[in-house]
Amino acid sequence: MKCWHPDVFCSALLNAQPIGFYAPAQIVRDAQQHGVEVRPVCINESRWDCTLEPRGVDDGRLAVRLGLRMVKGLGNAEAARLISCRSNQPYVSVDDVWRRAAIPSAALVELAEADAFVRQRPGSAKGVMFMTIEDETGVANLVIWQGVFEKNRRVVLGAGLIGVRGKVQREGEAIHIVAQHLTDLSAELASVGSRDASFPLPHGRGDAFHHGSPTADPRDMPKARNLVDPYGHIDEIRVRTRDFR
């Protein structure tokens, strides 16, 4: 079954949890390594169990849609109301879910932490998605058009570290980036602890500010410091998965 139908095998194992051997994250990761497309939990697409969906590619494979059972802390009763109340009318916001399904705020938090709400896409924005990314230099506000999102869906929903190429636009004091291409850089983040080169930082004398340093001082020479893992204990930085919780 795993050899010829890895998509069915993955879905069946997830629906049989807990089975006491492998955690769901391991099952998903193994399936992805064997070419299975695993789609995240979605308030408009997921049922209680994990299901199979068409991929739009005629290769005999199906995509695995993670079910609401994968959301940690979400009860079967809340999931049942969520599914029955959406009927054939998709939810359009968190407020819409709360009003129509009448599930408690704690369940909404659990769904949000599991990324079941797919990002900020206001109904008035005509399919435009907004995202804020941050690094050590500051934050950047992204505008992701619907076509770009569809092409980069897996990166937007699952990456822990994202690289963006696009155009910078300014309207008054508001500056944002219109994304054209997004890249999943999670592997780069995960390998930080295992890189051979350390991160050098210069170390100056404490009195250099007041008295200056007219001559070279051995204490002023840069010393290599590994800020990520100074004691060499980390082999890999593990990025928290965003596919499900």
Side-chain angles (χ1 to χ4, degrees), residues 11 14-15 17-18 23-29 32 37-51 53 63-135 139-146 148-150 152-162 164 176 179 182 184-186 189 238-245:
S11 180
L14 292 175
N15 290 336
Q17 292 291 314
Q26 292 175 287
I27 297 172
V28 168
R29 185 164 54 249
Q32 291 174 327
E37 179 184 349
V38 181
R39 297 174 177 173
V41 176
C42 175
I43 56 170
N44 287 322
E45 301 294 339
S46 295
R47 303 191 67 80
W48 174 250
D49 283 332
C50 299
T51 54
E53 298 179 345
V64 175
R65 171 69 67 181
L66 296 179
L68 294 170
R69 62 161 42 238
M70 308 307 298
V71 180
K72 183 178 180 181
L74 183 67
N76 192 294
E78 288 82 4
R81 285 203 301 274
L82 180 76
I83 295 171
S84 62
C85 292
R86 79 185 177 205
S87 184
N88 294 322
Q89 182 181 358
Y91 296 112
V92 296
S93 66
V94 178
D95 182 70
D96 189 29
V97 174
W98 176 68
R99 292 180 182 278
R100 288 166 53 188
I103 59 178
S105 58
L108 294 176
V109 171
E110 290 155 355
L111 288 166
E113 290 183 342
D115 284 339
F117 293 109
V118 181
R119 296 295 186 265
Q120 296 183 58
R121 186 183 288 184
S124 60
K126 298 181 180 179
V128 179
M129 177 177 291
F130 303 96
M131 178 187 292
T132 301
I133 59 175
E134 180 179 8
D135 63 10
V139 299
N141 298 313
L142 305 183
V143 176
I144 307 174
W145 291 99
Q146 187 172 4
V148 175
F149 168 72
E150 294 300 334
N152 298 270
R153 175 184 291 268
R154 294 187 64 181
V155 177
V156 173
L157 297 182
L161 182 65
I162 294 179
V164 182
H176 53 265
L182 296 98
D184 188 350
L185 300 177
S186 301
L189 180 61
R238 294 175 175 83
V239 184
R240 175 187 173 189
T241 178
R242 298 178 59 82
D243 291 334
F244 63 92
R245 182 174 174 83

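- Between Ile103 and Ala107 the shortest heavy-atom distance is CD1-CB, 4.2 Å.
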Next item on the list: Could you give me the CA-CA distance, side-chain angles and deciding distance for Gln89 and Arg100, then say whether side chain to side chain contact (heavy atoms under 4.5 Å, CB included) is met?
Entry: CA-CA 11 Å; Gln89 182 181 358; Arg100 288 166 53 188; 3.8 Å; yes
- prompt: Can you check side chain to side chain contact (heavy atoms under 4.5 Å, CB included) on Leu68 and Leu111, steps first, answer last?
  reply: CA-CA 9 Å; Leu68 294 170; Leu111 288 166; 4.0 Å; yes
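- Considering only heavy atoms from C-beta on, Val28 comes within 4.5 Å of Leu14 through its side chain.
- Between the Ser11 side chain and the Cys50 main chain, a donor and an acceptor come within less than 3.5 Å of each other.
- For the atom pair Glu37 CD and Glu53 CD, the distance stands at 8.5 Å (nearest 0.5 Å).
- Atom CZ of Arg69 sits about 8.0 Å away from atom CD of Gln17, to the nearest 0.5 Å.
- Atom CE of residue Met129 and atom CD of residue Gln146 lie 9.0 Å apart, to the nearest 0.5 angstrom.
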- request: Assess whether side chain to side chain contact (heavy atoms under 4.5 Å, CB included) is satisfied between Phe130 and Ile144, documenting all intermediate values.
  value: CA-CA 6 Å; Phe130 303 96; Ile144 307 174; over 6 Å; no
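- Between Arg39 and Glu45, no side-chain nitrogen of the basic residue sits less than 4.0 Å from a carboxylate oxygen of the acidic one, so the salt-bridge criterion is not met.
- Rounded to the nearest 0.5 angstrom, Arg81 CZ and Arg86 CZ are separated by 14.5 Å.
- Note that the CZ atom of Arg29 and the CD atom of Gln32 stand 9.0 Å from one another [nearest 0.5 Å].
- The minimum heavy-atom distance between Arg65 and Pro40, with the atom names listed, is NH1-O, 2.8 Å.
- Separating the CD atom in Glu110 from the OG atom in Ser105 is a distance of 9.5 Å, to the nearest 0.5 Å.
- Here the closest heavy-atom approach between residue Trp48 and residue Ile83 is recorded as N-CD1, 3.6 Å.
- Other residues, nucleotides and ligands contribute only 12 or fewer heavy atoms inside 6.0 Å of the CH2 atom of Trp98.
- Shown here for Ser46 and Gly67, the closest heavy-atom pair between the two residues is CB-CA, 4.2 Å.
- Checking side-chain atoms of Tyr91 against main-chain N and O of Leu82 turns up a donor-acceptor pair under 3.5 Å.
- Tested against Leu185 for a side chain to side chain contact (heavy atoms under 4.5 Å, CB included), the candidates Val164, Leu161, Ile162 yield a single pass: Leu161.
- Between Ser186 and Asp184, the side chains place a donor N or O and an acceptor N or O closer than 3.5 Å (distance only, hydrogens not considered).
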